[in-house]
Peer 1: 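Quick one: structure below, then a few questions.
We name chains A, B, ... by the order of the sequence lines, and we start the count at 1 in each one.
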2 protein chains.
Amino acid sequence: MATIGDVARVAGVSTSTVSYVLSGKRPISGSTRERVERAIRDLGYRPHAGARALASARTNVLGLMAPLRADVNVSVIMQFVTGVVTAARNHDRDVLLLTSDEVAGTERVANGSMVDALIMMDVESDDARIDVLVGLRQPAVLIGLPQDPQGLSCVDLDFDAAGRLAVRHLTALGHRRVALIGSPQLVLDRHTSYAIRLRHGFAEQADAAGLTHLSVPCSSTPAGAADAVDAVLEAMPDVTALVVHNEVALPWVLTTLAERGRRVPQEISVVAVCPRDVALGQRLPLTSIDIPGYAIGQVAVEMAMARLAEPGTDRPAETRLLTPTLEARESTTAPT
Amino acid sequence: MATIGDVARVAGVSTSTVSYVLSGKRPISGSTRERVERAIRDLGYRPHAGARALASARTNVLGLMAPLRADVNVSVIMQFVTGVVTAARNHDRDVLLLTSDEVAGTERVANGSMVDALIMMDVESDDARIDVLVGLRQPAVLIGLPQDPQGLSCVDLDFDAAGRLAVRHLTALGHRRVALIGSPQLVLDRHTSYAIRLRHGFAEQADAAGLTHLSVPCSSTPAGAADAVDAVLEAMPDVTALVVHNEVALPWVLTTLAERGRRVPQEISVVAVCPRDVALGQRLPLTSIDIPGYAIGQVAVEMAMARLAEPGTDRPAETRLLTPTLEARESTTAPT
DNA sequence: ATGAAAGCGCTAACAT
DNA sequence: ATGTTAGCGCTTTCAT
């Protein structure tokens, strides 16, 4: 592999000139720049990432801690990851993938100077991993909303607002008895914050509007979905609308409703909280509140880059909650 | 951050001794080793990855090119990735994630010496990216089976054998008229090799057994699944068994069958080719041939590590095809 | 069994 | 506008 020295020799300049041509950190005359760029092309020169990291204390790599258990929201996770990787590339960064349970990995990667910043997905309300991140010299961004961000930046969909938005949509249509089919109990037990926040917003708005309401967890299996539906129908036989916040169980919730003779939307309305393509991928295009995983991933990267750009600054961390939007489709209508 | 020099000073030894304690590349006396290890712990020392890469020409990072489009086999992809990351960690490697469409990324990462080896998922029969990989000094492993591996190592499930296995299972049960509901036309058009290989094995074995058979592509939407089922039922009204190789469409294939009044397995048997958990996650536990994504990811890493271990060696590349296994569950039975 | 020292390839002062 | 050079932190040969 050619080195910067080779390039310099071929171009007839010093190594620092080559370096500055590459970084643009000082003015270079047109002719020099041209010769250098030619030499680079001719030699197929690529700067050695390690050498660069050593000399500049920058790796151009972002660490991403993603939950790689295949059990939950696989498609959502994928969207987050895609958003992060794409945005990272737009900032000339690569992405190092860490499994999220591996707390030690964070320290290894950060203290070993492998990454410039860290992004952590799937944050729980009271997440032990946050303590680790706080102690690092690299900035970190959380996807999700812990109880105490400890000075870290956070980004997420405003699930609380999403819960309220779903109820408002149903209220506007005239519904008075609504139920939420939510995340698996396991996820709730983990204090995964989005699940709790959505449920909270749902209940709050339903109370405020004077609705009769109810929420049940729902495990991500056909049987779990059936159980959840049945639990709702038993506790609230005259329910007219459902909010479903569980993209895996969603299809089975719908088939169960069909089997129980409740047609959507004639006998029961359904609002899904899930990625848009999941809502559109069902038999009936569902009214839904999008979980914009791709966008959230992008924002996470921007926030990380912002912190990197202003190193000394003690600009306080910020929490960015993306405003949910509801798209009315064919699964909601006025109750009869 | 503490450096190796700090450790050496605190331990009262030279830097090289510290280095050798860390690498184990030469014998160290018990007492020295102890003092060094203490110093490392006390200082919270971590070797600087860049410095290490520069001095040793090793990064301890594996590059993984994964298709991050959210459209196909999301859960399968996730399993591959998980397998790769887990195995990589077992070999003390981290994983750098590349999006698969970014051919330039491969060269950037490889020539910039960011990775020791590359693993490429979702290989197509005639994949342009292979040419790039062949030109690199780092070893590369393909997940999938191109027409011409050009000397690269490959690993995949033996989809051809899987197609044959499915047919043999059905033949043994007494079925004589079978159909394959396969991958989306789009995937077939991309010459994605697994889709073609499975279809080939299916047809070959069906011919060999003298069965009446048929195969249709199937787009991964509810409507697509319905169309595929209807196409089969029209062309072969008396079909008694289906092989489904499309994990996304699978649930909709089943609901469509139900709607058309064909009960599984009484009126029609179904063999699914998909990850085990997908087969088990349906209403009825399906007879299935597992796509062992996790295992394949692991093997890919092992192969990469093997190449790294013996650098000079010109051991010819190998192709490892994992033998498919069929697990009989409740969706197949003898035809009536 | 241990140490001294020469790089690895690059960046960023410091010069001019 | 360009060149010189001192590190960055580690590995590894060469000595002892």
Peer 1: Taking the side chain as everything from C-beta on, heavy atoms only, tell me whether A/Val187 gets closer than 4.5 Å to A/Tyr194.
Peer 2: yes
Peer 1: Looking only at side-chain atoms of A/Arg52, point me to the closest of C/dG9, D/dT11, C/dT11.
Peer 2: C/dT11
Peer 1: Ignoring hydrogens and geometry beyond distance, is the side chain of A/Arg26 in donor-acceptor contact with the base of D/dG3 at under 3.5 Å?
Peer 2: yes
Peer 1: Side chain of B/Pro27 only, please: which of C/dA4, C/dA1, D/dC10 is the nearest?
Peer 2: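 The answer is C/dA1.
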Peer 1: Starting from the C-alpha separation in whole Å, work towards a yes-or-no answer on side chain to side chain donor-acceptor pair (under 3.5 Å) for A/Asp131 and A/Gln150.
Peer 2: CA-CA 8 Å; A/Asp131 298 331; A/Gln150 301 192 49; 2.8 Å; yes
Peer 1: Need one value for B/Thr3: base, sugar-phosphate or nothing, where a base atom within 4.0 Å counts as base even if backbone is also close, heavy atoms only.
Peer 2: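 If one applies the 4.0 Å heavy-atom cut-off, B/Thr3 turns out to touch the sugar-phosphate alone, with no base involved.
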Peer 1: Hey, which sits more toward the 5' end of DNA chain D by its nearest nucleotide, B/Ala51 or B/Thr17?
Peer 2: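 Its nucleotide being nearer the 5' end, the pick is B/Ala51.
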Peer 1: Without decimals, in angstroms, what is the distance between A/His48 NE2 and D/dC10 C1'?
Peer 2: 12 Å
Peer 1: Is the shortest side-chain N/O distance from A/Lys25 to OP1 or OP2 of C/dT11 below 4.0 Å?
Peer 2: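 Checking A/Lys25 against C/dT11: no side-chain N or O falls below 4.0 Å of OP1 or OP2.
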Peer 1: Within the structure provided, determine whether A/His191 and A/Pro146 are in side-chain contact (heavy-atom separation under 4.5 Å).
Peer 2: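 No - every pair of side-chain heavy atoms lies 4.5 Å or more apart.
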Peer 1: Measure from CG on A/Asn111 to P on D/dC10 and round the result to the nearest Å.
Peer 2: 12 Å
Peer 1: Can A/Gln147 and A/Asp127 be counted as having a side-chain donor-acceptor contact under 3.5 angstrom?
Peer 2: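 Short answer, no.
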Peer 1: Ignoring the backbone of B/Thr15, work out which of D/dT2, C/dA5, D/dG9 is nearest its side chain.
Peer 2: C/dA5
Peer 1: Can you check the B/Arg9 CZ to D/dG9 P distance for me, whole Å?
Peer 2: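 Rounded to whole Å, this separation is 12 Å.
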Peer 1: Kindly check if the number of other-residue, nucleotide or ligand heavy atoms within 6.0 Å of NE2 (B/His91) is above 12?
Peer 2: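 Yes, NE2 of B/His91 has more than 12 neighbouring heavy atoms, counting only those of other groups under 6.0 Å.
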Peer 1: Please work out if B/Val18 contacts a base, only the sugar-phosphate, or nothing of the nucleic acid, heavy-atom cut-off 4.0 Å.
Peer 2: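 No contact at all - B/Val18 keeps every heavy atom at 4.0 Å or more from the nucleic acid.
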Peer 1: From C-beta outward on A/Ala55, which listed nucleotide comes closest to its side chain: D/dA1, D/dC10, C/dG9?
Peer 2: C/dG9
Peer 1: Would you mind reading off the distance between A/Ile28 atom CD1 and C/dT11 atom P, rounded to a whole angstrom?
Peer 2: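 From A/Ile28 CD1 to C/dT11 P: 13 Å.
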Peer 1: OH of B/Tyr20 versus C1' of D/dT16: gap in Å, rounded?
Peer 2: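 Rounded to whole Å, this separation is 14 Å.
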Peer 1: In whole angstrom, what separates A/Met114's CE from D/dG9's C1'?
Peer 2: 15 Å
Peer 1: For the pair made of CE in A/Met1 and C1' in C/dC10, what is the distance, rounded to whole Å?
Peer 2: 16 Å
Peer 1: Does B/Thr32 put a side-chain nitrogen or oxygen below 4.0 Å from OP1 or OP2 of C/dT2?
Peer 2: yes
Peer 1: From the options D/dC10, C/dA12, C/dG9, select the nucleotide whose nearest atom is closest to the side chain of A/Ser16.
Peer 2: C/dA12
Peer 1: Taking the side chain of B/Ser14 as its heavy atoms from C-beta onward, which of C/dA4, D/dT11, D/dC10 lies nearest to it?
Peer 2: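 Looking only at side-chain atoms, B/Ser14 lies closest to C/dA4.
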Peer 1: On DNA chain C, nearest-nucleotide positions of B/Arg33 versus B/Leu54: which is more 5'?
Peer 2: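 It is B/Arg33, whose closest nucleotide lies nearer the 5' terminus.
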Peer 1: Measure from the side-chain heavy atoms of B/Tyr45 and tell me the nearest of C/dA1, D/dT2, D/dC10.
Peer 2: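 The closest nucleotide is D/dC10.
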Peer 1: Nearest whole Å is fine: how far is D/dT11 C1' from B/Arg58 CZ?
Peer 2: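 Rounded to whole Å, this separation is 13 Å.
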Peer 1: Within the side chain of B/Ser19, is there an N or O that forms a donor-acceptor pair under 3.5 Å with the backbone of B/Thr15?
Peer 2: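 Checking the backbone N and O of B/Thr15 against the side chain of B/Ser19, no donor-acceptor pair under 3.5 Å is found.
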